[in-house]
There are 2 protein chains.
Amino acid sequence: MVERFGRRIPEPTVVRLPLYQRVLRDLALGAVATVSSAELASACGVNAAKLRKDLSYFGTYGTRGTGYDVGYLLGQIERELGLDRERCVVMAGMGHLGHALARSPGFMSGGFRVVGLFDVAPSVLGEIVAGTGVAHISTLPDVCRQTGASMGVITTPASAAQDVCDQMVASGVNAILNFAPSVLVAPPSVHVRHVDFSAELQVLAFYQAHPEPAEAASDLGAGLIL
Amino acid sequence: MVERFGRRIPEPTVVRLPLYQRVLRDLALGAVATVSSAELASACGVNAAKLRKDLSYFGTYGTRGTGYDVGYLLGQIERELGLDRERCVVMAGMGHLGHALARSPGFMSGGFRVVGLFDVAPSVLGEIVAGTGVAHISTLPDVCRQTGASMGVITTPASAAQDVCDQMVASGVNAILNFAPSVLVAPPSVHVRHVDFSAELQVLAFYQAHPEPAEAASDLGAGLIL
DNA sequence: GCATGTGAAGCAGTTCACAGCG
DNA sequence: CGCTGTGAACTGCTTCACATGC
């Protein structure tokens, strides 16, 4: 056992937990009772040793000679991800992307509750999106304090992102998911994650422009897993 | 110099290139002529030594004692990212997210041209989104071959993602950006990147549920950058 | 016998620190 | 004299390999 108490979970491990959670949920829906690390790792597209090491950071959840109980492991991972308690989320920027995310069934579910949608454009103020009305950004502090919202999603243009970020932080939000193409500055106590679609496309373009010296030599079938 | 020819660029470096590009573009718009690695790194929220090492993989673009010429460095990075030539992109899945991405000014610009939007739902077939008509997925192979599209974006539900991926690969697409919450299997010659919104939220939830043992002790001001 | 859990080894990316050059 | 470019040190994730235990 590495560190059951002394928390020091590698970030790459944390990032893989949602993946494990989703695949385990699919297995559970398929009435699969147990999985070995090799099977689960294959379904997740990762190395089996890495999967076992990831899980070992949190506890001893498997049975030697058998594998993992799907339902039990799923529950443990969801507990570690903090999905057992509901979290209130506010979102600023109700353009096309904001609308899409607010309506997305997969995005705002499983422990995340939208308690406020905000913008400044009169054309969207008052509109009801997925059951929540769009309010003016100036009411964000009140909504955050009343609901105790601790998470914020920024889908504004880049020019407004830092300002919105500051307002969220001042209103008690300590975890921010930023979709705007701008570098946010926030206190160290606030966790910020950045998602940049066009950057992802550019990374793909880079790899197209820089083909591997010796790649795709033995491309027999689609034997990707393992 | 490390490897001007023998390409072996670390992936983290590649992922940071679009960030540098965007910040440099902003500097250029602000009529800034030169930047030091410290200034640029600060604006990007990264370490200065890391920035210099990243650039050194591609060449010697700076001037000792002075810094980097903004316009020249920007051009070099855009060339490395392959943004000098236009790339044709097809997108499958025209739900809310697909609509939002197709309309996004920042997403489909700068070297990326949408040549096809696809779905299966009669309710969206024929609709014009951002100047392109939505066609049935069965026409994807024809469009890819006619336009030579090499990049694909998947915004379908998870249940359709692998099928769409297979069709794209069979049609000559060798770079795929997947927004569906599913693990795609593709030949090694095809580059796949995955963006998962809800996973990002879950990662934030994890860090909220696991506060650092000794965090935010000296939180004087927002002195985040250096 | 078989699959987990984990020290130890290996490897990759980051950071340091300074020589080299404008 | 300042800032880049980079070998070297360092840190940390990944992978291996096997003892452990069902």
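In what follows, chains are A, B, ... by sequence order, proteins preceding strands, each numbered from 1.
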With A/Gln21, which of A/Arg16, A/Gln76, A/Glu78 fulfils side-chain hydrogen bond (donor to acceptor under 3.5 Å, both in side chains)?
A/Glu78

Got a sec, which residues hit salt bridge (Lys or Arg N to Asp or Glu O under 4.0 Å) with B/Glu200, two or more places apart in sequence or on another chain?
A/Arg193

Go through the structure and list residues passing salt bridge (Lys or Arg N to Asp or Glu O under 4.0 Å) with A/Arg25, not counting sequence neighbours.
none

When the distance from [atom1] of [X] to [atom2] of [N] is rounded to whole Å, what number comes out?
| X | N | atom1 | atom2 | result |
| --- | --- | --- | --- | --- |
| A/Leu51 | D/dC16 | CG | P | 15 Å |
| B/Phe58 | D/dG5 | CZ | P | 13 Å |
| B/Arg52 | C/dC16 | CZ | P | 11 Å |
| A/Leu40 | C/dA3 | CG | P | 14 Å |
| A/Tyr68 | C/dA3 | OH | P | 12 Å |
| A/Tyr61 | C/dG5 | OH | C1' | 14 Å |
| A/Arg8 | D/dT11 | CZ | C1' | 13 Å |
| A/Leu73 | C/dT4 | CG | C1' | 12 Å |

So do [Y] and [X] actually touch side chain to side chain, heavy atoms under 4.5 Å?
| X | Y | value |
| --- | --- | --- |
| B/Cys44 | B/Leu40 | yes |
| B/Leu117 | B/Val90 | no |
| A/Met151 | B/Gln208 | yes |
| A/Phe58 | A/Leu17 | yes |

Sequence neighbours excluded, the answer for side-chain hydrogen bond (donor to acceptor under 3.5 Å, both in side chains) partners of A/Thr13 is A/Asp54

List for me each residue that meets side-chain hydrogen bond (donor to acceptor under 3.5 Å, both in side chains) alongside A/Ser171, sequence neighbours excluded, and say none if there are none.
none

Under 3.5 Å, which protein N or O atoms sit close to an N or O of nucleotides 20-22 of chain D? Give each pair with its distance.
from, atom 1, to, atom 2, distance (Å)
D/dT20, O2, A/Arg64, NH1, 2.2

Ignoring backbone atoms, test whether B/Ser37 places a side-chain nitrogen or oxygen under 4.0 Å from the OP1 or OP2 oxygen of D/dC3.
no

Listed pairs, N/O of protein and of nucleotides 12-14 of chain C, under 3.5 Å:
from, atom 1, to, atom 2, distance (Å)
C/dT14, OP1, B/Arg16, NH1, 3.0
C/dT14, OP2, B/Arg16, NH2, 2.9

Tell me which of A/Ala49 and B/Gly62 sits closer to the 5' end of DNA chain D, going by the nucleotide each one is nearest to.
B/Gly62

